[in-house]
Number of protein chains: 2
Amino acid sequence: MTSGRGRDHGREPTTRETAEAWESLFRAQVTLLRRLQRDDVWGDLTLREYDVLFALSRAPGQTLRLRDLGEGSLLTQPSLSRLVERLEDDGLVARGPVAGDARGVAVTLTDAGARAQREIGRRHVRSIHRFVAPALDADELARLRELTDRLRAAQRDIPGPR
Amino acid sequence: MTSGRGRDHGREPTTRETAEAWESLFRAQVTLLRRLQRDDVWGDLTLREYDVLFALSRAPGQTLRLRDLGEGSLLTQPSLSRLVERLEDDGLVARGPVAGDARGVAVTLTDAGARAQREIGRRHVRSIHRFVAPALDADELARLRELTDRLRAAQRDIPGPR
DNA sequence: GCATGCTCCATGCATCTGCATGGATCGCGC
DNA sequence: GCGCGATCCATGCAGATGCATGGAGCATGC
């Protein structure tokens, strides 16, 4: 009897298989992330600060609510709140009101912030290429991307602990 | 002309392809890690503390030098040093000398530490299965594991920034 | 044998993070 | 229009983290 899952037709993985695949993914990410962080491409910013600037650079109007910034963030809400405060002090982002919701805070990339993001981003992608390209060819990378995309996308449909 | 890379015969990926694959891997790990951390399986420990106990549980004699613990760790050397200090205060590990090197510190799992690792580990792998199994079938997980293993293994051969 | 540079670990200190909480606003039922 | 729980963000505070540095032992050359 097959399980009722939609697009997924192969054999259901065992607990061990899921654990081993997750550990491999986890270790690969940790190893690579540490190398990327050590690479001298970050200027005065940390990876987490750059990540916020990057998210803003992709957003329409280079603006996001604090809430939405927190969605894919590595930080908790209070930490993100203060990180944005520091970025504002450095002139890289500006905070403003959200139309139609007086609780919200809209975070916008300033010109200086956009410049910083572009410069760091350019160096960062070269750094990525240096570490990733020797390991996997184009087809393998496409497959890796597809699998990790699906892994992430599936999380939307799985209920949380609460 | 083909590049001189050994086992890798496919097309060399572009900078864009490496960056997009890395971002997908990165986001998947962050998303999943946050869900795993929220899951109530950790008792009094943090993920990083558990990770140290886990590494020790796999080591011969359940013992590792501080230096080796740091290899795959998420922490810097000083932070790891203090984390181990806390674990020792809690009775989960013991510190001792290293035979033949008076500089070294050998960290050993205590019985209580081994118990804690097993209990948390059991809950943790169930948690992993819950989040991963709905997303990918057994073949896909095996493929994902192979790709991430190779990605990580390749880092040994790539020179660092210094 | 000894000087010199390197490795391993610990510690002072500033900063960052998370937890708990609070204040303001929103949405919804009535 | 009003009450009440939920959402959004900020802040006090304790603890964890990283950077810079220091001290002790090791390894190498001479």
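Atom set for the values below is all heavy atoms of this structure, side chains included, hydrogens, waters and symmetry mates excluded. Letters A, B, ... are given to chains in the order of the sequence lines, protein chains preceding strands, and every chain is numbered from 1.
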Send over the distance from [X] [atom1] to [N] [atom2], rounded to a whole Å.
X        : N       : atom1 : atom2 : result
Glu88(A) : dA10(D) : CD    : P     : 9 Å
Glu49(B) : dT17(D) : CD    : P     : 8 Å
Leu66(B) : dG25(D) : CG    : C1'   : 16 Å
Leu45(A) : dT15(C) : CG    : C1'   : 16 Å
Leu80(B) : dC8(C)  : CG    : P     : 13 Å
Leu74(B) : dT17(D) : CG    : C1'   : 12 Å

Pairwise distance [atom1]([X]) to [atom2]([Y]) - rounded to 0.5 angstrom:
X         : Y         : atom1 : atom2 : result
Thr110(B) : Arg115(B) : OG1   : CZ    : 7.5 Å
Asp51(A)  : Phe26(B)  : CG    : CZ    : 5.0 Å
Gln29(A)  : Trp22(B)  : CD    : CH2   : 4.5 Å

From C-beta outward on [X], which listed nucleotide comes closest to its side chain: [options]?
X        : options                   : value
Pro78(B) : dC19(C), dT11(C), dC9(D)  : dT11(C)
Ser79(A) : dC9(D), dG18(C), dC9(C)   : dG18(C)
Arg86(A) : dA20(D), dC16(C), dA10(D) : dC16(C)

(request) Report yes if at least one side-chain N or O of Arg103(B) is closer than 4.0 Å to OP1 or OP2 of dA24(D); otherwise report no. (result) no

(request) Considering just the side-chain nitrogens and oxygens of Arg95(A), establish if one lies under 4.0 Å of OP1 or OP2 belonging to dA10(D). (result) yes

Remember a base hit wins even if backbone is also touched, and classify [X] as base, sugar-phosphate or nothing at under 4.0 Å, heavy atoms.
X        : answer
Leu75(A) : sugar-phosphate
Arg82(A) : base
Gln77(A) : base

(message) With each end axis built from five pairs of C1' atoms, what bend angle do you get for the helix from dG1(C)-dC30(D) to dC30(C)-dG1(D)? Round to 10°.
(response) 30°

(request) Answer yes when Glu146(A) and Arg143(A) have at least one side-chain N-carboxylate O distance shorter than 4.0 Å, and no when they do not. (result) yes

(message) On DNA chain C, does the nearest nucleotide to Thr46(A) precede the nearest nucleotide to Ala102(A) from the 5' side, or the other way round? Give the residue.
(response) Thr46(A)

